Amino acid sequence: MNKVVSSADEAVADIVSGSRIMLGGFGLCGIPENLIAALVRRGITGLHTISNNMGVDGFGMGLMLEAGMIASHVGSYVGENRRLEQLVLKGELDLTLIPQGTLAERIRAGGAGIPAFYVPTGLGTVVAEDKETRKIGDRNYVLEQALHADVALVKAWKGDRLGNLVYRKTARNFNPAMATAADLTIAEVEELVEPGELDPDHIVTPGIYVNRILVGKKYLKPIESKFIKAGGAA
Amino acid sequence: MTGKERIARRIAREFKDGFYVNLGIGLPTMIAGYIPVGIDVMFQSENGMLGVGGPPTAEQEDPDLINAGKQTVTEIPGCSFFGSEESFAMIRGGHMDMSILGAMQVDEKGNLANWTIPGKMVKGMGGAMDLVAGARRVIVAMEHQTKDGGSRILKQCTLPLTGQSVVHDIVTELCWIHVTPEGLVLTEVADGMDAAEVQARTEARLIVSPELRVMTVDVEG
């Protein structure tokens, strides 16, 4: 078994316009930078994206937005992208904002074969409008549907040719859940290791969820909000 | 001492040893700087971390290690990382002792609005709706009035809600307000203020607690 592909371009070569795509990451942390760049080079359009954020102007998914590739987006926070705000206020992009935890659980459910579930989140707000609510015990809950995608693009720290993945620090975020919730999951990693090198007890995403794996050519990893301790040395 | 610092110092006094707390972006983040000596608090960041430390030095800075405000942070010994689905399972599942977040409006029923201004601001609710629905105690930390002197503590919120009857306490530079089924109870006022003065700056009706006292902002150690 060998899921390794030689480049990000090869990995996304059969993704077509109009696809529903999940992209891992929180802000610019743990995003599949190389796969996004390859998608932009491929130039497909009409994509329906699912991702917590929308990058920033000029990086991450911001590049896809600027290339006019995105028709609709589901996420929880897009405050760092002014271009998106303009497009939405003008009615040129269909944006659905949902609570971050509900987004994460809808993705998890999508990968776990659970079609819908009840949460207390958003009760009495616009989020619950037109949704079934139900009293269980002494509390009311909102019914939320699972999310599933055609393609999930995720970023991990290390992986092997079987698709087993481990993540690094807060760059994990939405990546493991998304890896489970698509027909085709493509993982980019910083380092490819031999099967057996990753401690089986530490593997976060078992290879069964991953269809293709590649080593990212280059990682810029820009920091969105520089925050340094005053006074220098620790 | 600035108003924001007074708020941060007062709220820090509420922490008990062993608390797990989520601090919102902005003013609430300042609270981490005033934890009383001898109290161990684990800060959670909803992007997937328990045990968030302070800001890094330039040498420690790591783009893979950020908080929910996308600021670089550090690890404290015993910290852990997890995915977003688990992060919100611990939030929704009632495991957080406290969630402290900012607000644009709060009202007499404990309703909170802090995520959108229709037609003007498209940002998103992030994790705020999950936090207020799931944390055991929700504290709003905010400046008492808007920049142009308007009230933020209203009879009824006019902006779209983040959560319905979710707020337990409201802390501003002027006072501490406890949300009860009977309404908003003023329990503390800042040094030099009185209940009438706070009420004059607040649209909502305040019930003055018989045990009204001066808000303490000293932090031991």
Side-chain angles (χ1 to χ4, degrees), chain A residues 26-30 52-53 75-80 84-86 88-89 95 97-105 107-109 119-128 157 167-177 204 219-234, chain B residues 25 29 45-49 52 54-75 79 81-89 91-92 111 113 115-116 118-134 160-166:
Chain A
F26 182 93
L28 299 180
C29 182
N52 189 52
N53 311 96
S76 89
Y77 187 82
V78 292
E80 314 310 326
L84 177 74
E85 193 168 41
Q86 291 157 11
V88 171
L89 290 175
L95 174 70
L97 291 167
I98 61 177
Q100 194 173 137
T102 297
L103 174 64
E105 190 62 16
I107 295 164
R108 195 193 75 81
V119 286
T121 311
L123 198 76
T125 76
V126 293
V127 164
W157 180 34
Y167 303 85
R168 187 169 177 273
K169 304 184 188 287
T170 55
R172 182 183 309 192
N173 54 66
F174 281 86
N175 288 296
V204 176
Y219 285 97
L220 293 176
K221 295 192 184 180
I223 292 171
E224 228 172 293
S225 183
K226 286 261 179 192
F227 192 50
I228 298 289
K229 190 177 187 171
Chain B
I25 295 162
T29 306
S45 195
E46 66 267 26
N47 53 318
M49 181 177 187
V52 180
T57 61
E59 296 74 38
Q60 290 172 324
E61 189 183 58
D62 182 342
D64 288 341
L65 185 53
I66 63 168
N67 63 17
K70 285 108 179 176
Q71 294 171 318
T72 44
V73 293
T74 52
E75 303 169 354
C79 79
F81 298 109
F82 33 85
S84 303
E85 76 292 356
E86 174 148 11
S87 180
F88 283 95
I91 288 168
R92 206 188 300 103
N111 295 324
W115 74 279
T116 188
K120 278 191 190 158
M121 187 179 98
V122 182
K123 287 189 185 296
M125 62 290 279
M129 286 191 180
D130 310 276
L131 281 159
V132 299
L161 297 185
T162 306
Q164 197 175 45
S165 300
V166 291

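Every chain is numbered from 1 and lettered A, B, ... according to where its sequence line falls, protein lines coming before strand lines. Quick caveat, the model's predicted, so the values are computed rather than measured.
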Heavy-atom distances under 4.5 Å only: say whether [X] touches chain B with side chain, backbone, both or neither.
X         : answer
Ile98(A)  : backbone
Val78(A)  : both
Arg108(A) : side chain
Val204(A) : neither

Need one label for [X]: side chain, backbone, both or neither, based on atoms under 4.5 Å from any heavy atom in chain A.
X         : value
Ala68(B)  : both
Ile66(B)  : both
Gln71(B)  : both
Asn111(B) : neither
Thr162(B) : backbone

**Request:** Could you verify whether a donor N or O on one side chain and an acceptor N or O on the other, from Asn52(A) and Ser76(A), lie under 3.5 Å apart?
**Result:**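 Per modelled atom types, Asn52(A) and Ser76(A) side chains form a pair under 3.5 Å.
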Under a 4.5 Å heavy-atom cutoff, which of [options] has the most pairs with chain A?
options                                  : answer
Gln164(B), Glu85(B), Met125(B)           : Met125(B)
Ala128(B), Ser84(B), Gly134(B), Gly69(B) : Ser84(B)
Asp64(B), Leu65(B), Leu161(B)            : Asp64(B)
Glu46(B), Lys120(B), Arg92(B)            : Arg92(B)
Gly163(B), Ala89(B), Pro63(B), Gly48(B)  : Pro63(B)
Gly126(B), Gly83(B), Gly124(B), Ser87(B) : Gly126(B)

**Message:** Among Gly79(A), Gly101(A), Ala104(A), which residue has the highest count of heavy-atom pairs closer than 4.5 Å to chain B?
**Reply:** Gly101(A)
**Message:** Regarding Arg168(A) and Asp62(B), does a basic nitrogen lie under 4.0 Å from an acidic carboxylate oxygen?
**Reply:**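 Result for this pair is yes, salt bridge flagged.
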**Message:** Taking salt bridge (Lys or Arg N to Asp or Glu O under 4.0 Å) as the definition, give me every residue that meets it alongside Lys169(A), ordered by chain and number, with sequence neighbours left out.
**Reply:**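 Testing Lys169(A) for salt bridge (Lys or Arg N to Asp or Glu O under 4.0 Å), a comparison that skips the adjacent residues, returns Glu75(B).
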**Request:** Decide side-chain contact (heavy atoms from CB on, under 4.5 Å) for Met129(B) and Trp115(B); before the verdict, give the C-alpha distance in whole Å, the side-chain angles of both, and the deciding distance to 0.1 Å.
**Result:** CA-CA 9 Å; Met129(B) 286 191 180; Trp115(B) 74 279; 3.5 Å; yes
**Asked** Do Lys70(B) and Leu28(A) come within less than 4.5 Å of each other through their side chains, counting heavy atoms only?
**Response** no
**Prompt:** Taking C-beta and beyond as the side chain, do Tyr77(A) and Gln100(A) meet within less than 4.5 Å on heavy atoms?
**Reply:**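 Not touching, per the 4.5 Å side-chain cut-off.
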